[in-house]
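What follows is a set of notes on a single structure, which appears directly below.
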Number of protein chains: 2
Amino acid sequence: MSEDFLLEMGYSGLTGRLKRLSDAFMYQTRDLYREYDEDIEPNWHMIFLLLQKNETMTVTALAEALQLSHPAIVKLINKMKKKGYIDSVVDAEDKRKYDLMLSQKAKQKLPKFQKYWEAGEKALQELLNHNKQLLEQLEQLEAKMAETDFRTRMDKLLVNE
Amino acid sequence: MSEDFLLEMGYSGLTGRLKRLSDAFMYQTRDLYREYDEDIEPNWHMIFLLLQKNETMTVTALAEALQLSHPAIVKLINKMKKKGYIDSVVDAEDKRKYDLMLSQKAKQKLPKFQKYWEAGEKALQELLNHNKQLLEQLEQLEAKMAETDFRTRMDKLLVNE
DNA sequence: TAAATTTACGTAACCAGTTACGTAAATGTG
DNA sequence: CACATTTACGTAACTGGTTACGTAAATTTA
């Protein structure tokens, strides 16, 4: 038996391999943060960047930008608040909304965090042989999924069989 | 603001995009199974295939073949047992081990399941434009990660800075 | 302007993984 | 052969997502 069954399985193994890879990146990044005693999580990265770029954003705006569900953002934000990285105020014009922004602590720590993020980016570039082929392939796949998603394609294939 | 921040972020967005993609495949496949009233989960696919190929396997053997932790396999297997797809007997020679195998129900349902899996494979081929470039790119990435993982590469880059 | 609808956010319950720890069986060793 | 070590599996607690449902504020509409 081979050492990696998913690799053997060609197309059918793809989804599992994507999962394994994304998990590996996440766990390894988290390990590194812990080793360096930083109380941040890997998936906060993009939240930090978005709030750095946009000053204030709402839960919904973050969810759209990252294409996650709003409860996912709520969970993230609550943890970041608990650690003191996020401040929020009720929106003046729409009391349903919270305007989220980086705290002083976050702004102060950002330069340090940036070093980790840069290291991550460089490590990724190494892993991808400094070319964007994988990125481009993924972009094509994402575009195709946006046209007609996996579910719908399976459905059609099952019906037309 | 762009509609997809991760896409904008190049290398840094990659890990999030892998996560999104693998989640999308999983959720959409699960939806399809539910629509067709099949009480199976997406991640059982490879377990079914492995047990079809190998007759009996232990928890550890499955974990190695799929490169998952053993508790992950235990959880999977318990659910599959609960649904009656897996039988297990204590190994005759080593009482710590369970020999896992497909139940009669599983064997009988396999041809039906195979149709879903084939549809999934075809849908994936469509999404990949019937070429294996993405698979190959991923394989290279996996090989590089096996050489020196992401964590170690980040570490080096941080130290040498 | 009153009522219906939509939007923003929160909560609960679920699924998929992980690491850390514990126990019992098998194996290695003095 | 007794004891120490390793291996196989199980359980608990955690992270990261999801969908489904509820509530309050804003907006639309009759």
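Please read these numbers as outputs of a predicted model, since none were measured by experiment.
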Notebook entry, point to check: Do B/Leu21 and B/Met26 share a hydrophobic cluster, counting only Ile, Leu, Val, Met, Phe, Trp and Tyr and linking them when any side-chain heavy atoms are less than 4.5 Å apart?
Noted result: no
Margin query: Tell me whether B/Lys81 forms a cation-pi arrangement with B/Tyr98, defined as NZ or CZ under 6.0 Å from the six-membered ring centre and within 45 degrees of its axis.
Written below: yes
Note to self: Quick check for you: name the first and last nucleotides of DNA chain D, 5' to 3', having an atom under 4.0 Å from a heavy atom of chain B.
What the structure shows: D/dT7 to D/dT18
Checklist line | Least distance between heavy atoms, A/Leu6 atom then A/Gly16 atom | finding: CD1-C, 3.7 Å
Next item on the list: Just grab all the ring pair (Phe, Tyr, Trp, His ring centres under 6.0 Å) pairs involving residues 131-157 of chain A, residues at least two apart or on different chains.
Entry: A/Phe150-B/Phe25
Next item on the list: Please work out if A/Ile73 contacts a base, only the sugar-phosphate, or nothing of the nucleic acid, heavy-atom cut-off 4.0 Å.
Entry: nothing
Next item on the list: Select base, sugar-phosphate, or nothing to describe what B/Ser69 touches, counting heavy atoms under 4.0 Å on all strands.
Entry: base
Item checked: Sugar-phosphate, base or nothing in reach of A/Lys75, heavy atoms under 4.0 Å -> base
Item checked: Whole angstrom value for the distance that separates P of C/dG17 from CG of B/Asn78 -> 14 Å
Checklist line | Partners passing ring pair (Phe, Tyr, Trp, His ring centres under 6.0 Å) against B/Tyr27 (at least two apart in sequence or in another chain) | finding: none
Next item on the list: Examine B/Phe48 together with B/Trp117 and report whether their ring centres are nearer than 6.0 Å.
Entry: yes
Next item on the list: Say whether, by atom type as modelled, one donor and one acceptor occur between the side chain of B/Ser103 and the main chain of B/Gly84 under 3.5 angstrom.
Entry: yes
Next item on the list: Between A/Ala72 and A/Arg96, name the one whose nearest nucleotide on DNA chain D is closer to the 5' end.
Entry: A/Ala72
Check: Taking atom P of C/dA16 as reference, at what distance in whole Å does atom CD1 of B/Ile47 sit?
Finding: 11 Å
Notebook entry, point to check: Between B/Lys95 (NZ) and C/dT27 (P), how many Å, whole number?
Noted result: 12 Å
Next item on the list: Go through residues 28-44 of chain A and report each residue with a non-hydrogen atom lying under 4.0 Å from DNA chain D, sorted by number.
Entry: A/Arg30, A/Glu41, A/Asn43
Margin query: For the residue pair A/Gln137 / B/Gln137, report whether a side-chain donor-acceptor contact shorter than 3.5 Å exists.
Written below: no
Next item on the list: Name every residue in residues 81-93 of chain A that has at least one heavy atom under 4.0 Å from any atom of DNA chain C, in order of residue number, or write none if there are no such residues.
Entry: none
Note to self: Quick test of your reading: applying salt bridge (Lys or Arg N to Asp or Glu O under 4.0 Å), list the pairs with at least one residue in residues 125-134 of chain A, sequence neighbours left out, ordered by first then second residue.
What the structure shows: A/Glu126-B/Arg153
Next item on the list: Of all the heavy-atom pairs spanning B/Ser12 and A/Met46, show the shortest one and how long it is.
Entry: O-CE, 3.3 Å
Next item on the list: By nearest nucleotide on DNA chain C, pick out whichever of A/Tyr27 and A/Asp94 is the more 5' one.
Entry: A/Asp94
Check: Taking the nucleotide of DNA chain C with the closest heavy atom to each, which residue, A/Asp23 or A/Lys97, is nearer the 5' end?
Finding: A/Lys97
Check: In whole angstrom, what separates B/Leu76's CG from C/dA16's P?
Finding: 7 Å
Item checked: Test: A/Glu142 and B/Arg17 ion pair at under 4.0 Å -> yes
